[in-house]
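So the structure is just underneath, and the comments pick up after that.
Counting convention: from 1, in listed order, for ligands and their atoms alike. Counting begins at 1 with the first residue of the sequence. Computed from a predicted model, the values in this text were never measured in an experiment. The figures here come from the full heavy-atom set of this structure, side chains too, leaving out hydrogens, waters and symmetry mates.
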Amino acid sequence: MVSELPRPTCTTRKGNSFVMIKIAKFGGSSVADAAHFKKIRAIVEADPARRFIVVSACGRRFSGDAKVTDLLYLVAAHVRYHVSCDDLLADIGARYFAIADELGLAYPIRDEFAAFAEKAKAGALSTEELVSRGEYFTAQLMAEYLGLPFLDAADVVAFHHDGTLAMGRTHELIQERGIPGGFVMPGFYGATREGRILLLDRGGGDISGAILAQALDADLYENWTDVSGFLSADPRIVENPQPISRITYSEMRELSYMGASVLHEEAVFPVMEAGIPIAVRNTNRPQDPGTIISDREDYVEDEPIITGVTGKRNFVAVHVLKDHMSNEVGIIRRTLTIFERYHVSVEHIPSGIDSFAVVVQGDDVKDCIWSIVADIKTEVAPDAIKVVDDLSLISTVGRNMIGRPGISGQLFAALGNEGISIRMIAQGSDEINIIVGVHKDDFEHAIRAIYRAFSDGDHLLELKDLKKTADESRPHVVDDK
Ligand code: ASP
């Protein structure tokens, strides 16, 4: 049983010993070539708690390069259509051979790869099994290089027959077959009871790492990638945005949903449920602290007021106008039923006395918007319908905004001063985000204006910079006890 065996002992700077398990997951770009394998060994050796390693298939070595997973999907397509894929297989093999040769590894990669290539060409492998070999070979080489045993994900990550993960069984298998002193496991795949290999979503290596962290009740899930964590804004829009040192799970969901994506979304749930923090770190810059994702919601004076500002283009607002609408019961429900009929997910419903709007993602309605409008006309009989399709949404996210007066005022004033008109305002009920809708041409300008409003030019403003604290300015509440 993995959890019953002693955990690696670490020593703090103060000399105290403690036991710890860290799951370290290395993404495709972090295992792209032998040079990256070396970086990983240095990272793993720097911390005795890093003994449980998950790897992706070799990713891009330079911009314009191909990811092994993409090439393997291409091989599967060639095989299906009986087109020769010898060159493709040779390219993929060469990447693994180069790593093994440069690092002097004994794993018989040439023989193993040749056997795989033969089976693949003969059509003897399912697409899933064929594609999974990307992570399989990476993990085999990494295991030898790190001097850790290889643990096949097919033996421990369990799938139901319908392709969903069997979490309970996965936990049991990891407890049963996991190797207590540590191991290297390929990400992205698992198997059914009968041994049929199945894949997680693209980018699913993050999910494999999270599952392992949950099953081993790890202290930390480290996700090593090619960026130093989350940035407080898109660097293509804001010059030198400040890195985010700490973020809560819900803030991260808000930021990723609106565009700032670093981690696979589903990777967050297993670890969040188990209360395990995630550290997003940069394999190429291990000295950078990265971002810690955790739900510790304490109040820290020297943390920024806003955590980040991000946005998404291409939203459509369908405005429904009808006199005396507020006296009519069911009109919003009837309208929403129409969106549901077309399987369109609704983002926001800003409303007034005689009108409301339904805001949806442009891509979701590109083929059905006029059918939806026609149905609204017939079933809701409004006085007018207006479709606005040039809307961008900008979300300002921050747990530190909660209960603090004046933040939205500051944000709206910043946009007003820049001459940017706000077309829609929404605030989540948990108060961790303020969303504004602006014309698509104002998108970048608005993000810059908001970022500037909460920064001093170099750094994001911190709580201690606020003139009035929430307590001083909170309305006086009469105690009715
Ligand atoms: N190799 C897989 C992909 O490219 C999974 C991963 O990298 O996490 O999607």
Set of salt bridge (charged side-chain N to carboxylate O under 4.0 Å, His left out) partners for Glu102, sequence neighbours left out: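 Checked Glu102 against salt bridge (charged side-chain N to carboxylate O under 4.0 Å, His left out); matches are Lys38.
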
Nearest non-hydrogen protein atom, [atom]:
atom                   : answer
atom 7 (O) of ligand 1 : Ser56 OG, 3.1 Å
atom 8 (O) of ligand 1 : Gly205 N, 2.8 Å
atom 1 (N) of ligand 1 : Thr69 OG1, 2.7 Å

Would [X] count as a polar contact of ligand 1, with the cut-off being nitrogen or oxygen pairs under 3.5 Å?
X      : result
Arg202 : yes
Gly203 : yes
Lys25  : no
Asp201 : no

Residue that, paired with Tyr136, satisfies ring pair (Phe, Tyr, Trp, His ring centres under 6.0 Å) out of Tyr189, Phe188, Phe150: Phe150

Intermediate values then yes/no, side-chain hydrogen bond (donor to acceptor under 3.5 Å, both in side chains), Asp206 and Asn223: CA-CA 7 Å; Asp206 287 348; Asn223 197 287; 3.0 Å; yes

Ion pair check, Asp101 and Arg110, cut-off under 4.0 Å: yes

Heavy atom of Gly28, distance to ligand 1 below 4.0 Å: no

Option passing side chain to side chain contact (heavy atoms under 4.5 Å, CB included) with Thr310 (candidates Ile394, Leu255, Leu231):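 It is Leu255; the other options fail the test.
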
Option among Val318, Val360, Asp389 that satisfies the side chain to side chain contact (heavy atoms under 4.5 Å, CB included) test with Ile369: Val318

Non-hydrogen side-chain atoms of Pro241 and Tyr451 separated by less than 4.5 Å: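 Yes, close enough: below the 4.5 Å cut-off.
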
Enumerated ligand 1 atoms positioned under 4.0 Å from heavy atoms of Lys67: 4 (O)

